[in-house]
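Heads up, the thing below is written out as C-alpha cells.
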Protein chains: 2
Amino acid sequence: MDAIDLRLVELLRTNARLSFAELARQVGLSAPAVHERVGKLESSGVIRGYRAEVDPEAVGLGVTAMIGVVEESTTDADDLQAVLKGLPEIESCYFMAGVESFLLTVRVGTIAELERLIVRLNRTPGVASTRTAIALSAKWENRPRPLSA
Amino acid sequence: MDAIDLRLVELLRTNARLSFAELARQVGLSAPAVHERVGKLESSGVIRGYRAEVDPEAVGLGVTAMIGVVEESTTDADDLQAVLKGLPEIESCYFMAGVESFLLTVRVGTIAELERLIVRLNRTPGVASTRTAIALSAKWENRPRPLSA
DNA sequence: ACAGGCCGTGGATGCCATCGACCTCCGGCT
DNA sequence: AGCCGGAGGTCGATGGCATCCACGGCCTGT
C-alpha cells in the first residue's frame, strides 16, 4: 500500500471505469503492472467492488430516511442485525454508540412505503422503538474524500 | 427507461466494471446497442458515475460518525451548505425535516480528528448546535437494492 | 401507402486486457 | 564479497473489446 496504490484507489474511487491503460498513464507505470496492483488491492479487500452511482429518483426510490433503532435489552444484537439484513429497503446499517443501537439509512419509493417499513420494524422482535428522520433532499452523497495521506 | 435499461442499471450497480460486451450478453442486445443505452443513461443523469468502493480503514478513515446540525434561525441554509461542502470529512450531507436541518455522515481517521471537526462545526456561523453519534461498525453500506419495478 | 425517426444489427478498425518471458533491484545467507 | 531467490517491474504478442459507420426493420402520423 504505497503512494501509487493510494493514487490508483483514488482514481478508481472517482471513476471506476477507467481502463488499466489509462490508469497506467496516470501513475506512470505499465498497464500490466497496474493490472497486478489493482488485482492485489481487490483480493486484499482494500477495493470491495465497483458500483454505478444511480439517481435514486430515476429508479423509483425518491424517499430517503434515517431510522434509529433502540434494541430491547434482552435480545442479541446479532439476531436483530440478521433480520435487518433481510429488509431490502435498508441501504446501510451501522451499529452505533448510544441509546439507538442501529442507525439505518433507508430508501423507498413513497411515504406510504416508509410507513409500512417503520411499522414492520417496530413489530420485529428485539426492537424496542424507532426514531425516523426524513431527508428532504440529498445535498451530496458518498463524496470520495481526497486521500492525501 | 424500459426494462432493459433497468436491467443495465442494476448490473452496473452491482459491478460497474462490466464490459459492454458482457452487458450485451446479459441483456440480449448487441454491444453497440448497449453502449448507446448506457451513454444515454449517463447523459440523462440516471447514472451519475462509477465508484470503486473502498474499505475506509485501509485508507486511514476508520472512524465514521453521523452529525446532526441545527441551524440558527437567522441564517440561510444555502450559505451553511456551501460551508459544509468545503469540509472534505463530510461524505454525505442531507437536508432534513426536523430540528436538525442537516445530517452529515462523516469519515475521519481518529477520534481526535472527529473532535476537531465538531469544534470547527460548532464555531461556523449559522450553526446553533450539533449532535454527533459515533458508528462502532458498519454492518453494511450502500447495498444496492434489487430493482424490481 | 409512405416518409421519417428511433432503435437495432453487422462489419471494420484500432485500442485494450492479459499472458508469458525476461530484467532489475534488494535483502539475507554462505 | 558473491550468490540466490523473491517481488515487482517492462516489453511484446494476441485475442477480445470499444466504437464508428452504414444499413435495415418497425412504429407512427399523415
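We name chains A, B, ... by the order of the sequence lines, and we start the count at 1 in each one.
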Completion exercise
Between Arg17(A) and Ala31(A), whichever has its closest DNA chain D nucleotide further toward 5' is Ala31(A)
Atom [atom1] of [X] and atom [atom2] of [N]: how far apart are they, to the nearest Å?
X        : N       : atom1 : atom2 : result
Leu29(B) : dA18(D) : CG    : P     : 14 Å
Ile4(B)  : dC6(C)  : CD1   : C1'   : 14 Å
Asp5(B)  : dC6(C)  : CG    : P     : 16 Å
Lys40(B) : dG5(C)  : NZ    : C1'   : 11 Å
Leu23(A) : dC15(C) : CG    : P     : 18 Å
Glu36(B) : dT19(D) : CD    : P     : 13 Å
Glu22(A) : dC16(C) : CD    : P     : 8 Å
Phe20(B) : dA17(C) : CZ    : C1'   : 16 Å

Practice task
Ignoring backbone atoms, establish whether His35(B) has a side-chain N or O less than 4.0 Å from OP1 or OP2 of dT19(D).
Solution key: yes
Problem - Any Arg25(B) side-chain nitrogen or oxygen under 4.0 Å from OP1 or OP2 of dC17(D) - result: yes
Practice task
Scan Ser19(B) against the nucleic acid and name what it touches under 4.0 Å (heavy atoms): base, sugar-phosphate only, or nothing.
Solution key: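 Ser19(B): backbone/sugar contact only, no base atoms under 4.0 Å.
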Handout entry: Row check, Phe20(A) ring normal vs Arg17(B) NZ/CZ: under 6.0 Å, within 45°
Key = yes
Problem - Charged N-O contact under 4.0 Å between Arg107(B) and Glu141(B) - result: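 Salt bridge: yes.
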Handout entry: Ionic contact status for Glu22(A) with Arg25(A), cut-off 4.0 Å
Key = yes
Handout entry: Among dT18(C), dG11(C), dG9(D), the one nearest Ala33(A) by side-chain distance
Key =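 The listed nucleotide nearest to Ala33(A)'s side chain is dG9(D).
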Handout entry: Among dC17(D), dG8(C), dA17(C), the one nearest Arg37(B) by side-chain distance
Key =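 Of the candidates, dG8(C) comes closest.
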Handout entry: No-hydrogen, no-angle side-chain donor-acceptor test under 3.5 Å, Tyr94(A) and Glu100(A)
Key =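 Their side chains do not contain a donor-acceptor pair, so the 3.5 Å distance test is not met.
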Problem - Path from Tyr50(B) to Leu6(B) over hydrophobic side-chain contacts below 4.5 Å - result: yes
